[in-house]
*Asks:* 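Starting off with a structure, shown below.
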Amino acid sequence: MHASLADDTIKRSDYQRPEAIPAPASNPLTIEKTTLGKALFFDPRLSREKGMSCATCHSPDHRWSDGRVVPLGSEELEQPRRSPTVMNSAWLKALMWDGRANSLEAQAVLPITTPHEMNYNMKELVQRLGEIKGYQPLFEDAYGDADITTQRIAMALATFQRTLVSNISSFDRWVDGDEQAISSSAQRGFDVFNGKAQCAACHKSWRFTDDSFHDIGLDSPDQGRGKVIPVEVTIMQHAFKTPTLRDLPENGPFMHDGSMTDLEEVVKHYEEGGIQRASLSKEMKPFELTDQQRADLIAFLKTLDGGPLAIEPPVLPKE
Ligand code: HEC
Ligand code: HEC
């Protein structure tokens, strides 16, 4: 049975988009910092070999991820992790699949200095950027003088990323009351999502995440959150951050290890309930959908795609 309109309205409003982009008081959003951050984000000179930028793995052509199971440079790693999107990162409470960074500012330095990623160090990077004339006016506009520091680089990268917000999707128009915005199949899928399949136990709010960590029973040796927290907590073993469900790529890859490539496979995983082990989330309860319900659920997930952002790569600052 379809839920009554009154119930629908309550549930739908849980998914209402926020009005404004949040930013910390210590790093407010400005156009000038966004411009600088955008140049830095796309600039391969932030890597030692000048061959890799943030956009290599968080590309506008792949919804700010890279479409790869294993990111470039991670081929040799024992437990590589898929590149997550950086869209809607202004709202992230914990960053990385295991939550080991707690702000965009803190995160920004990690890929620059990680050996299998950009493999550089901040001291030499600051010096290198200082020698690129085109950066001087950008730092001046952003911060009042042309001083280049690690903190200023991180703040600008964070600011640019905060501006990467999902476009209004057909689901958002439906939440706002346009009954025709999504198909009746997708509307039924919304009920499956919140009802029988209990996806909303973890994928909550307009970003479809609870900003928390769960073991959903994937067959992966990666300990995830379990390695980051100081005391061994059983339920954090194999636990990963609940990812957003907005703007999912058409054919994945999905999950921290990129182990799934289509949504049908994902839904079937949840129906089966995942590997039984002590850390498996209590919210992982097996259930069975009809073919129609599964198709409806997937139709609903597709309404969360707002399409590519209208952001073009910048002209990089000249030497
Ligand atoms: C070689 C590929 C690669 C490059 C280059 C790269 N990233 Fe990432 N990024 C990743 C991967 C992989 C993760 C997840 C790592 C993990 O969870 O252990 C990630 C995670 C993130 C996150 C956290 C997102 C979330 O949902 O928690 C942010 C933000 C981010 N990167 C920004 C950047 C910025 C800024 C740069 C450039 C300074 C950059 N990345 C360069 C691959 C890359
Ligand atoms: C127990 C909490 C929980 C429940 C319930 C849950 N999810 Fe997830 N979901 C997660 C976590 C955590 C991940 C990431 C797991 C990983 O990579 O190890 C995830 C990953 C995903 C992904 C992959 C996204 C990406 O970017 O890789 C999709 C799609 C997804 N879930 C859809 C659903 C659907 C549909 C349902 C309901 C049938 C559901 N989830 C139920 C927590 C949950």
Side-chain angles (χ1 to χ4, degrees), residues 37 40-44 46-47 52-58 63-66 68 70-74 77 79-89 92-101 103-104 107-114 116-120 153-154 157-158 160-161 164 189 192-194 196-203 208-210 212-218 220 222 224-225 228 238-249 252-260 262-263 265-271 274 280-285 287 289 294 297-298 300-301:
L40 293 168
F41 192 90
F42 282 90
D43 197 334
L46 266 65
S47 63
M52 189 184 264
S53 72
C54 308
T56 304
C57 302
H58 303 287
R63 302 290 196 276
W64 304 86
S65 175
D66 57 5
R68 291 166 175 273
V70 173
L72 283 177
S74 306
L77 296 186
Q79 296 172 354
R81 291 181 185 163
R82 184 176 69 79
S83 309
T85 182
V86 292
M87 285 170 78
N88 307 322
S89 52
L92 288 176
K93 297 197 172 71
L95 291 88
M96 309 304 240
W97 283 105
D98 55 15
R100 69 184 183 281
S103 71
L104 283 170
Q107 194 282 337
V109 177
L110 303 180
I112 299 175
T113 54
T114 297
H116 68 268
E117 294 189 342
M118 298 159 91
N119 190 27
Y120 211 21
I153 293 168
L157 282 166
F160 169 64
Q161 292 180 92
L164 305 174
V192 173
F193 185 88
N194 289 287
K196 190 170 181 183
Q198 291 296 324
C199 310
C202 304
H203 296 281
F208 293 89
T209 170
D210 57 359
S212 188
F213 304 85
H214 308 272
D215 173 9
I216 63 163
L218 297 175
S220 149
D222 195 332
R225 184 74 176 153
V228 176
H238 303 285
F240 292 86
K241 190 174 57 162
T242 311
T244 182
L245 300 180
R246 282 188 177 259
D247 307 289
L248 290 173
F254 301 115
M255 305 302 174
H256 73 273
D257 55 358
S259 57
M260 295 186 192
D262 78 79
L263 289 171
E265 195 184 348
V266 170
V267 174
K268 284 188 169 151
H269 168 79
Y270 285 111
E271 288 184 63
L280 185 71
S281 165
K282 297 280 171 289
E283 311 288 351
M284 292 295 292
K285 299 179 199 112
F287 57 92
L289 299 181
R294 200 175 299 122
L297 179 55
I298 291 169
F300 158 68
L301 292 174

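Hydrogens, waters and symmetry mates play no part in the numbers below; they use all other heavy atoms, side chains included. Residue numbers run from 1 in the order of the sequence given. Whatever order the structure lists them in is the order used to number ligands and atoms, beginning at 1.
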*Asks:* Short list, please: which atoms of ligand 1 are under 4.0 Å from a heavy atom of V86?
*Replies:* 28 (C), 29 (C), 30 (C), 32 (C)
*Asks:* Ligand 1 and S89, any nitrogen or oxygen pair closer than 3.5 angstrom?
*Replies:* no
*Asks:* Under the rule for side-chain contact (heavy atoms from CB on, under 4.5 Å), what residues qualify as partners of R68, not counting sequence neighbours?
*Replies:* D66, L72
*Asks:* Keeping R225 on the side-chain end and D98 on the backbone end, is there a donor-acceptor pair under 3.5 Å?
*Replies:* yes
*Asks:* Any atoms of ligand 1 less than 4.0 Å from a non-hydrogen atom of Q161? List them with their elements.
*Replies:* 29 (C), 32 (C), 35 (C)
*Asks:* What are the atoms of ligand 1, with element, lying closer than 4.0 Å to any heavy atom of L104?
*Replies:* 29 (C)
*Asks:* Tabulate distances under 3.5 Å between N/O atoms of ligand 2 and N/O atoms of the protein, writing both atom names on each line.
*Replies:*
| from | atom 1 | to | atom 2 | distance (Å) |
| --- | --- | --- | --- | --- |
| ligand 2 | 7 (N) | H203 | NE2 | 2.8 |
| ligand 2 | 7 (N) | Y270 | OH | 2.8 |
| ligand 2 | 9 (N) | H203 | NE2 | 2.9 |
| ligand 2 | 9 (N) | Y270 | OH | 2.7 |
| ligand 2 | 17 (O) | H256 | N | 2.6 |
| ligand 2 | 17 (O) | H256 | ND1 | 3.1 |
| ligand 2 | 18 (O) | H256 | ND1 | 2.7 |
| ligand 2 | 26 (O) | R82 | NH2 | 3.0 |
| ligand 2 | 27 (O) | R82 | NH2 | 2.7 |
| ligand 2 | 27 (O) | M255 | N | 2.6 |
| ligand 2 | 31 (N) | H203 | NE2 | 3.0 |
| ligand 2 | 31 (N) | Y270 | OH | 2.8 |
| ligand 2 | 40 (N) | H203 | NE2 | 2.8 |
| ligand 2 | 40 (N) | Y270 | OH | 3.0 |

*Asks:* Regarding ligand 1, does R100 bring an N or O atom to under 3.5 Å of one of the ligand's N or O atoms?
*Replies:*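 In this structure, R100 places an N or O atom under 3.5 Å from an N or O of ligand 1.
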*Asks:* At what distance, to the nearest 0.5 angstrom, does CE of M87 lie from CG of D247?
*Replies:*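 Output value for this atom pair is 3.5 Å.
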*Asks:* Please list, in number order, the atoms of ligand 1 under 4.0 Å from a heavy atom of I112.
*Replies:* 38 (C)
*Asks:* For a quick check under 3.5 Å, do S220 and D222 share a side-chain donor-acceptor pair by atom type?
*Replies:* no
*Asks:* Once you restrict to heavy atoms under 4.0 Å, what part of Q107 touches ligand 1? Side chain, backbone, both or neither.
*Replies:* side chain
*Asks:* Nearest 0.5 Å, what's the NE2-CG distance between H269 and L218?
*Replies:* 4.5 Å
*Asks:* Is L46 close enough to touch ligand 1? Criterion: a residue heavy atom under 4.0 Å from a ligand atom.
*Replies:*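 No heavy atom of L46 comes that close to ligand 1.
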*Asks:* Can you tell me if an N/O/S atom from C54 lies under 2.8 Å from atom 8 (Fe) of ligand 1?
*Replies:* no
*Asks:* Within the 4.0 Å heavy-atom shell around L95, which atoms of ligand 1 are there?
*Replies:* 27 (O), 29 (C)
*Asks:* As an exercise, identify every atom of ligand 1 less than 4.0 angstrom from a heavy atom of M52.
*Replies:*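 Result: 1 (C), 5 (C).
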*Asks:* May I ask you to check whether over 12 heavy atoms, not counting those of K196, lie within 6.0 Å of atom NZ?
*Replies:* yes
*Asks:* Verify, without hydrogens or angle tests, whether R294 (side chain) and L289 (backbone) share a donor-acceptor contact under 3.5 angstrom.
*Replies:*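 Present.
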*Asks:* Between T114 and L110 (side chain of the first, backbone of the second, donor and acceptor by atom type, cut-off under 3.5 Å), is there such a pair?
*Replies:* yes
*Asks:* Quick check: does any side chain N or O of T242 sit under 3.5 Å from a backbone N or O of H203, one acting as donor and the other as acceptor?
*Replies:* no
*Asks:* Please confirm whether H116 comes under 4.0 Å of ligand 1, counting heavy atoms of the residue only.
*Replies:* no
*Asks:* If you count the atoms of ligand 1 from 1 in the order shown, which ones are under 4.0 Å from a heavy atom of S53?
*Replies:* 5 (C)
*Asks:* How about M255 and F240: do any of their side-chain heavy atoms sit closer than 4.5 Å?
*Replies:* no
*Asks:* Keeping the roles fixed (side chain from R82, backbone from P253), state whether a donor-acceptor pair exists under 3.5 Å.
*Replies:* yes
*Asks:* Is the shortest N/O to N/O distance between L92 and ligand 1 below 3.5 Å?
*Replies:* no
*Asks:* Give the minimum heavy-atom separation between K241 and M96, together with the two atoms involved.
*Replies:* CE-O, 3.4 Å
*Asks:* Below 4.0 angstrom from a heavy atom of L72, which ligand 1 atoms are there? Numbered from 1 as shown, please.
*Replies:*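 Result: 1 (C).
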*Asks:* Does some side-chain heavy atom of L263 sit less than 4.5 Å from a side-chain heavy atom of F254?
*Replies:* yes
